[in-house]
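Here the structure is laid out as structure tokens; the discussion comes afterwards.
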Amino acid sequence: MKTDVVVLGAGIVGVAAALQLQRRGRSVVLVDRKSPGEETSFGNAGLIQREAFYPYAFPRGLGKLIRYALNGESEAHYQVSSLLGLASPLFQYWRNASPARIERTIRVNRPLFERCLAEHELLASEAGVSDLLRPGGWVQLFRKPESFEARMGEAARLRAEFGVSSTPLDAAGLAKVEPHLNDAPMAGAIHWHDPASLREPVQLTRAYARHFEALGGRFARADARTLVQDAEGWSVESPEGRITARDAVIALGAWTPEIIRPLGYALPLFIKRGYHVHYRPRGNVTLNHPAIDTDAGFAMAAMEHGIRMTTGAEFAHRDAPPTPVQVERCAPLARQWLSLDGQVETTPWMGRRPCFPDMIPVIGPSPRHKGLWFLFGHAHHGLTNAAVSGRLIADMIMGEAPICDVSGFAADRAFV
């Protein structure tokens, strides 16, 4: 099977990249061991975060660092057995949370967040699934006055510099936006108007994959670990035979190190694991918008299977046994906001977010191998930035001028 490009990884990022290339006339084979959207892209709060210019940075305040060290925060948890292997990237992650480096992250990522929704709207329209993108934004909830005040300061900057629309809410204002929320203790709330949300995130990945195939693209089940460079470019082995392409795009998220390490690349990718579980709403209780409890570190959204609660970050090895401590901690806090009955699933779902310490993904050519392209490390924003990242990698593979400066996304940048 010969093709122009083989894309390894059928999460939302890989599917979007394959679609962007196929719609430009390249022949593309999309490869994964599972069906599209069955790994990390399967579980999230369903947000396309047009407002998310400020990254999820490592805390630097002494009090929070102590609570993190004692594993006392619901928003973050670590497995002690994983700390030795995570020590170096987590130290780099902490270093990159300085104000100056946060500003660099904002500057480099700015084009992604500015265009994230527009690129999704274009692909969704062409795929005939614009109805999957729900307008109206999301609601950010605060328990602590200092958290609310700090975010209000960021909201003012986001409005002035990035054109992001938001409205602060007191208890009465929140009740109008979300009438089913309980009267829980709160310092304030912010309604972010610009983002879109999805009723069931995996549906968008599957819709893009169907459109990709309708345009002539092919999906093949194969093991990406069989990737090799040969005289014709790159090839992988599938049950139907060898797939050969001039260019290969690695969009494997948390599984990327297994592929690039044998090629001599040791990038500081680390994993933040996250969980989700659904609860049955009591009576007619629902949410009009996704809501995030900032100080407790969890999100809630109305999905097809109930009210989905997603957790913050668990620092652990990718394949370590699940420890859904955060689900247990956050469930009582979620019930302060919403009247919920029992849990739908017996076991919480777990996903793996691929992260870089500087909170910037890698998008572009590999430094030492012709025809090999990197597209991974989107952390919390794989869904948000999938369409625009796919466009960037397509621009570069097609030899066209990218829509923005891509030097900050380079794989050989300084990860300090």
Side-chain angles (χ1 to χ4, degrees), residues 9 11 13 39-40 44 52 54-62 64-71 73 75-109 112 250-275 297 311-323 325-326 350-364 366-367 374-382 385 389 408-416:
V13 173
E39 284 288 0
T40 305
N44 53 67
Y54 281 88
Y56 288 100
F58 201 91
R60 293 177 72 88
L62 181 59
K64 181 162 278 194
L65 284 173
I66 291 174
R67 292 193 296 274
Y68 270 39
L70 297 174
N71 247 347
E73 290 283 315
E75 67 184 27
H77 179 261
Y78 64 86
Q79 290 190 10
V80 175
S81 60
S82 300
L83 280 184
L84 182 61
L86 291 171
S88 177
L90 287 182
F91 176 66
Q92 292 180 22
Y93 186 23
W94 173 81
R95 289 187 66 194
N96 278 283
S98 69
R101 289 178 176 169
I102 289 292
E103 287 302 314
R104 177 184 179 273
T105 296
I106 292 173
R107 174 178 56 80
V108 173
N109 283 335
L112 300 182
I250 297 180
L252 288 161
W255 288 267
T256 297
E258 294 179 33
I259 311 304
I260 66 172
R261 192 177 295 118
L263 298 173
Y265 299 101
L267 302 182
L269 192 77
F270 68 98
I271 307 304
K272 289 183 188 178
R273 305 199 309 184
Y275 299 82
T311 67
E314 180 185 52
F315 298 98
H317 289 306
R318 187 193 68 193
D319 299 325
T323 53
V325 173
Q326 290 159 290
M350 185 186 77
R352 303 157 175 89
R353 307 179 187 103
C355 308
F356 281 112
D358 59 5
M359 297 156 281
I360 299 169
V362 164
I363 306 172
S366 65
F374 290 167
L375 183 62
F376 50 84
H378 290 78
H380 296 259
H381 298 300
N385 288 326
S389 296
F409 305 117
D412 55 358
R413 67 181 183 257
F415 291 96
V416 294

Query raised in the report: For the residue pair F315 and F58, does the interplanar ring angle fall in the parallel (under 30°), tilted (30 to 60°) or perpendicular (over 60°) class?
Result: tilted

Report summary line: Nearest heavy-atom contact between G382 and V13 is O-CG2, 3.7 Å

Query raised in the report: Side chains of K272 and H380: closer than 4.5 Å at any heavy-atom pair?
Result: yes

**Report entry** Listed partners of F270 passing ring-ring contact (aromatic ring centres under 6.0 Å, His included), at least two apart
**Finding:** Y93

Requested in this report: Measure the CD1-CG distance between I360 and L112 for me, rounded to the nearest 0.5 Å.
Outcome: 9.5 Å

Report summary line: Minimal heavy-atom distance between D358 and T105, with the atoms involved, is O-OG1, 2.8 Å

Requested in this report: Please report the shortest heavy-atom distance between Y68 and E75, naming the atom on each side.
Outcome: OH-OE2, 2.5 Å

**Report entry** Minimal non-hydrogen separation, I102 against P55, with atom names
**Finding:** CD1-CG, 3.8 Å

Query raised in the report: What heavy-atom pair brings A52 and H381 nearest, and what distance separates the two atoms?
Result: CB-CE1, 3.6 Å

Query raised in the report: Who passes salt bridge (Lys or Arg N to Asp or Glu O under 4.0 Å) against R261, sequence neighbours left out?
Result: none

**Report entry** Full working for side chain to side chain donor-acceptor pair (under 3.5 Å) between Y275 and Q326
**Finding:** CA-CA 8 Å; Y275 299 82; Q326 290 159 290; over 6 Å; no

**Report entry** Rounded distance (nearest 0.5 Å) linking atom CD of Q79 with atom CG of N71
**Finding:** 9.5 Å

Query raised in the report: Atom OG1 in T323, atom NE2 in H77: separation rounded to 0.5 Å?
Result: 5.0 Å

Report task. Calculate, to the nearest 0.5 Å, the distance between atoms CD and CZ belonging to E314 and R352 respectively. Result -> 10.5 Å

Requested in this report: Any chance you could lay out the side-chain contact (heavy atoms from CB on, under 4.5 Å) test for T311 and R273, step after step, and finish with the verdict?
Outcome: CA-CA 9 Å; T311 67; R273 305 199 309 184; over 6 Å; no

Requested in this report: Could you check V362 against Y265 for side-chain contact (heavy atoms from CB on, under 4.5 Å), going step by step and ending with a plain yes or no?
Outcome: CA-CA 13 Å; V362 164; Y265 299 101; over 6 Å; no

**Report entry** F356 six-ring centre to R413 NZ/CZ under 6.0 Å and within 45° of normal
**Finding:** yes

Query raised in the report: Is the number of heavy atoms from other residues, nucleotides or ligands under 6.0 Å of L70 CG greater than 12?
Result: yes

**Report entry** Side-chain touch F374/P367, heavy atoms, less than 4.5 angstrom
**Finding:** yes

Query - R318 CZ to S82 OG distance, which is reported to the nearest 0.5 Å - result: 12.5 Å

**Report entry** Within-4.5 Å side-chain heavy-atom neighbours: P268 and F415
**Finding:** yes

Query - Y78 side chain reached by L90 side chain, heavy atoms, under 4.5 Å - result: no

Requested in this report: Evaluate the side-chain proximity of F409 to N109: yes if any heavy-atom separation is below 4.5 Å, no if none is.
Outcome: yes

Query raised in the report: Would a 4.5 Å heavy-atom cut-off, applied to side chains only, mark I260 and L267 as touching?
Result: yes

Report summary line: Tightest non-hydrogen contact, residues G253 and L269, listed as O-CD2, 3.6 Å

Query raised in the report: Considering residues at least two apart in sequence or located in another chain, which fulfil the salt bridge (Lys or Arg N to Asp or Glu O under 4.0 Å) criterion with R95?
Result: none

Requested in this report: For the residue pair W94 and F91, categorise the inter-ring angle as parallel (less than 30°), tilted (30 to 60°) or perpendicular (more than 60°).
Outcome: parallel

